[in-house]
There are 2 protein chains.
Amino acid sequence: MVRPKEFDERIALAAAMQVFWEKGYEAASLSDLTQRMNIQRPSLYATFGGKRELFEAALKAYVQSSLTYIENQLRSDPSVKKSMLAYFQGVIHGAGGSNPDFGCLCVNTMVELAPHDPVFADITGDFQARLTELFQRTIDHGIQSGELPKQLNASSIARVLTLSAIGLSVTMKTKPDPARVEHAAAEILTLLE
Amino acid sequence: MVRPKEFDERIALAAAMQVFWEKGYEAASLSDLTQRMNIQRPSLYATFGGKRELFEAALKAYVQSSLTYIENQLRSDPSVKKSMLAYFQGVIHGAGGSNPDFGCLCVNTMVELAPHDPVFADITGDFQARLTELFQRTIDHGIQSGELPKQLNASSIARVLTLSAIGLSVTMKTKPDPARVEHAAAEILTLLE
DNA sequence: CTCTTTCTATACCGATCAGTACATAATGAT
DNA sequence: ATCATTATGTACTGATCGGTATAGAAAGAG
């Protein structure tokens, strides 16, 4: 056809995701975004539609890659307990290129936007549901392998693990004593006994 | 002296707290604030210093009243388990004039401001520490009364309860199925057995 | 080459932001 | 009643916000 784009949409989207992650939706200005994405303002509008649409795309990409990453982590060890612990350690110390100071983009969005915008309530609610399902499947697997006791209420415990992961990602933003938080994480996992 | 103020500082501060609670710090504009506080802009600056100082004052007032409310709730029933459950029910369904859609002002602040501002990391970190202490004292009390088993790790469990409360207040913003969340809360409290 | 199409770059738009200057109104002191 | 002092109300400031008009640059098609 004609003049090709001079940038890679996926790379630009990943850069936008980082900015929203670090600053939040409102606090991320178009100047911040275009600068970090290395594109000009009209290119952003032509490609993504606008700030809100860009954020929606970035958040959805985050949900996808985050869940994929977690799924792999929950399969990283034959022991369910060990891989669960590894997951929580990752939330506490940062994993997959994430900085615990900025928590989870999805959790941040629940706080900032979900109460005022049903679209983001849906997206972030879906994230929680899928994460809970991941936990539940992992617990079920552990029960089947004999590592975990049969009488566990896998569904409720999975929901608790999701709640705990959210709580952890928030609490880490206040830079608490890591040892204390690790003890708490270990205590949470006693629910699997 | 001279012309007296035409408004009550405490009432105005409570109104400001509500606005920050509903909208967050950045999204709360001075127009929002002065309107809900029923004062003029220069009065706000003369009395509180500025938007940031106003927020700081509102947050500190929130921490104080919130902890007092929770302390009373944790003493509301001779049974530690029952009063703990009552507390979590309050987080889920709203209590003390709070709307679960907007969660906890302190949690919201952890997400929005703590990573970028050590002052608010301190205030919100302090809130968590004091809440954890409240939980721990409650657990200790339950152990002494014989309601809870002696071998509980009160310190770690208290930390988990704080984490869970934070997670709950965030998750409620996405309007999940209340029954599911209540089951999870009940599961958390099995840590007390 | 020339034309057409699409992207890029600059510069701009009205709106809104937090914060303030200034004139007026209201009170206690004298 | 007059003055000093403080609060109020209006109107403004420069800066920044998200979004866009417009002109020029780059590439394929003929």
Side-chain angles (χ1 to χ4, degrees), chain A residues 1-60 105 108-109 112-113 116-117 119-120 123, chain B residues 1-60 105 108-109 112-113 116-117 119-120 123:
Chain A
M1 299 277 281
V2 288
R3 180 177 180 179
K5 277 194 175 149
E6 295 182 359
F7 63 93
D8 183 325
E9 281 192 28
R10 293 167 308 171
I11 292 178
L13 186 63
M17 190 179 84
Q18 277 293 332
V19 176
F20 285 126
W21 201 348
E22 292 169 13
K23 312 190 80 164
Y25 174 72
E26 287 287 349
S29 73
L30 281 183
S31 303
D32 293 328
L33 289 163
T34 53
Q35 193 173 334
R36 294 272 293 273
M37 297 167 83
N38 260 310
I39 65 175
Q40 303 302 325
R41 213 172 268 228
S43 299
L44 189 157
Y45 277 83
T47 307
F48 299 102
K51 188 187 180 185
R52 186 198 157 94
E53 292 84 350
L54 173 62
F55 179 68
E56 210 173 312
L59 181 61
K60 285 177 177 168
L105 175 59
N108 300 350
T109 305
E112 184 182 4
L113 300 180
H116 306 286
D117 193 322
V119 169
F120 293 110
I123 297 175
Chain B
M1 298 278 283
V2 288
R3 180 175 181 179
K5 279 195 175 145
E6 295 183 358
F7 62 94
D8 183 324
E9 280 192 29
R10 294 167 308 171
I11 291 177
L13 187 62
M17 190 180 84
Q18 276 293 333
V19 176
F20 286 126
W21 200 348
E22 292 169 15
K23 311 190 80 163
Y25 174 72
E26 286 288 349
S29 73
L30 280 183
S31 303
D32 293 328
L33 289 164
T34 52
Q35 193 173 334
R36 295 272 292 274
M37 297 168 81
N38 261 310
I39 65 175
Q40 304 301 325
R41 213 171 269 228
S43 298
L44 190 158
Y45 279 82
T47 307
F48 298 101
K51 187 186 179 185
R52 186 198 157 94
E53 291 84 351
L54 173 62
F55 179 69
E56 212 174 310
L59 181 61
K60 284 177 178 169
L105 174 59
N108 301 351
T109 304
E112 184 182 3
L113 299 180
H116 306 286
D117 193 321
V119 170
F120 293 110
I123 296 175

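Within every chain, numbering begins at 1; the chains are lettered A, B, ... in the order of the sequence lines, protein sequences first and strands thereafter. Basis for what follows: all heavy atoms, side chains included, without hydrogens, waters or symmetry-related copies.
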Can you tell me how far CE of B:Met37 sits from CG of B:Leu13, rounded to the nearest 0.5 angstrom?
6.5 Å

Identify the heavy atoms of B:Phe7 and B:Thr47 that sit nearest to each other, and give their distance.
CZ-OG1, 3.4 Å

Parallel under 30°, tilted from 30 to 60°, perpendicular over 60°: which one fits the rings of B:Tyr25 and B:Phe20?
parallel

pair A:Thr109-A:Ile123: side-chain heavy atoms closer than 4.5 Å
no

Whole Å only: how far is the CD atom of A:Gln40 from the P atom of D:dA21?
18 Å

Step by step, would you call B:Ser29 with B:Lys51 a side chain to side chain contact (heavy atoms under 4.5 Å, CB included)?
CA-CA 9 Å; B:Ser29 73; B:Lys51 187 186 179 185; over 6 Å; no

Look at B:Ser43 and D:dT8 and indicate whether a side-chain polar atom (N or O) is within less than 4.0 Å of OP1 or OP2.
yes

Please write out each protein N/O paired with an N/O of nucleotides 17-20 of chain C under 3.5 Å, distance rounded to 0.1 Å.
from: C:dA18; atom 1: OP1; to: B:Ala28; atom 2: O; distance (Å): 3.2
from: C:dA18; atom 1: OP1; to: B:Lys51; atom 2: NZ; distance (Å): 2.8
from: C:dA18; atom 1: OP2; to: B:Leu30; atom 2: N; distance (Å): 2.8
from: C:dA18; atom 1: N7; to: B:Arg41; atom 2: NH1; distance (Å): 3.2
from: C:dG19; atom 1: OP2; to: B:Tyr45; atom 2: OH; distance (Å): 2.7
from: C:dG19; atom 1: OP2; to: B:Lys51; atom 2: N; distance (Å): 3.2
from: C:dG19; atom 1: O5'; to: B:Tyr45; atom 2: OH; distance (Å): 3.0
from: C:dG19; atom 1: N7; to: B:Arg41; atom 2: NH1; distance (Å): 3.0
from: C:dG19; atom 1: O6; to: B:Arg41; atom 2: NH1; distance (Å): 3.0

For B:Asn38 and D:dT8, what is the distance between atoms CG and P respectively, to the nearest whole Å?
12 Å

Specify the separation, in whole Å, of atom CZ of B:Phe7 and atom C1' of C:dA26.
15 Å

Here the distance between atom C1' of C:dT8 and atom CD of A:Gln35, to the nearest Å, is 17 Å

Distance in angstrom units between A:Phe48 CZ and C:dC7 P, rounded
13 Å

Which whole-number value in Å describes the distance from A:Glu9 CD to C:dT6 C1'?
14 Å

My understanding is that only residues two or more places apart in sequence, or in another chain, count here; which of them pass salt bridge (charged side-chain N to carboxylate O under 4.0 Å, His left out) with A:Lys23?
A:Asp32

Tell me: CG of A:Leu44 to P of D:dA21, nearest whole Å?
16 Å

Distance in angstrom units between A:Met37 CE and C:dT8 P, rounded:
12 Å

